[in-house]
Amino acid sequence: IRGALLNWAKYDRGGSIPMIFRNIFLTAPDLGNDALQGLAGQIFCGSSRNVVVFYAADDYSLRASKIPSAGEVSSRRLGHTGPDDIKKTPRNVYAFDCDEFNNEYDNPLGHTYFLSDETGKRPGKVFLQIFKGIKSGRLVHTTEVERTEIL
């Protein structure tokens, strides 16, 4: 989605993009944890009312993406730590820490915690949070200043 939005802005919109989404949900995103602070991440924030990041520090599937290619520097991932500095991200970015349950839902990798609960038969906490956001268009947070919450 990021590439499509960037190219649309570059080739058709003069570098900007209209707000076309109510919510963009990033579940276990394999992006640098400062991605929402830069130009490429700003495209998410400018095109949506809310950008919601779900992350888990012990998501072992994301560990492979931290291994740098030749000459590259390894960076922390948005799906591991959430935004690098929430105060430097746009005000419409919200982050949910899913460490409490991700490995219960997907043991041992801890990556597909956004699908179903530990039984695999019911929607999990992340899915229900996404559904609530789609249904109401709003996100409830206990810490408005920080815009982060443990789910």
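Quick caveat: nothing in here was measured; it's all calculated off a predicted structure. Only heavy atoms go into these numbers, but all of them, side chains included; no hydrogens, no water, no symmetry mates.
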Could you pull out the closest heavy-atom pair between N23 and G133, with the gap in Å? ND2-O, 3.1 Å

Heavy atoms of P83 and A95 approach each other most closely as CD-CB, 3.7 Å

Of all heavy-atom pairs linking R22 and R49, the shortest is O-CB, 3.2 Å

Just to verify, what does F101 make a ring pair (Phe, Tyr, Trp, His ring centres under 6.0 Å) with, not counting sequence neighbours? Y105

Considering all heavy atoms, the nearest V126-C98 contact: CG2-SG, 3.6 Å

Can any side-chain N or O of R13 pair as donor or acceptor with the backbone N or O of W8 at less than 3.5 Å? no

CG of L26 to CZ of R2, rounded to nearest 0.5 Å, is 9.5 Å

Shared ILVMFWY cluster between I17 and I1, side chains joined below 4.5 angstrom? yes

To the nearest 0.5 Å, tell me how far I43 CD1 sits from L6 CG. 5.0 Å

Listed partners of F54 passing ring pair (Phe, Tyr, Trp, His ring centres under 6.0 Å), at least two apart: F96

Spacing of H80 atom NE2 and D58 atom CG [to the nearest 0.5 Å]: 8.0 Å

Determine whether a donor-acceptor pair (N or O, by modelled atom type, separation under 3.5 Å) exists between the side chain of S48 and the backbone of C45. no

Separation between OG of S47 and CD of Q42, rounded to the nearest 0.5 Å: 10.5 Å

Kindly compute the distance separating CD1 (I134) from CD (Q129), expressed to the nearest 0.5 Å. 11.0 Å

Can you get from V93 to I20 by hopping between Ile, Leu, Val, Met, Phe, Trp and Tyr side chains that sit under 4.5 Å apart? yes

V53 and F44: CA distance, side-chain angles, deciding distance, side-chain contact (heavy atoms from CB on, under 4.5 Å) verdict: CA-CA 11 Å; V53 178; F44 285 136; over 6 Å; no

Is it the case that D59 and N102 place a side-chain donor and acceptor less than 3.5 Å from each other? no

Going only through I, L, V, M, F, W and Y residues with side-chain contacts under 4.5 Å, is there a path from F21 to L78? yes

Holding to salt bridge (charged side-chain N to carboxylate O under 4.0 Å, His left out), I want the full list of residues that pass it with D84, two or more places apart in sequence or in another chain. R76

Value for CG (L5) from CD1 (I24), rounded to nearest 0.5 Å, stands at 6.0 Å

Go through the steps to decide whether I130 and T27 satisfy the test side-chain contact (heavy atoms from CB on, under 4.5 Å), and finish with yes or no. CA-CA 10 Å; I130 290 171; T27 55; 3.9 Å; yes

Intermediate values then yes/no, side-chain contact (heavy atoms from CB on, under 4.5 Å), Y55 and N33: CA-CA 10 Å; Y55 66 95; N33 69 343; over 6 Å; no

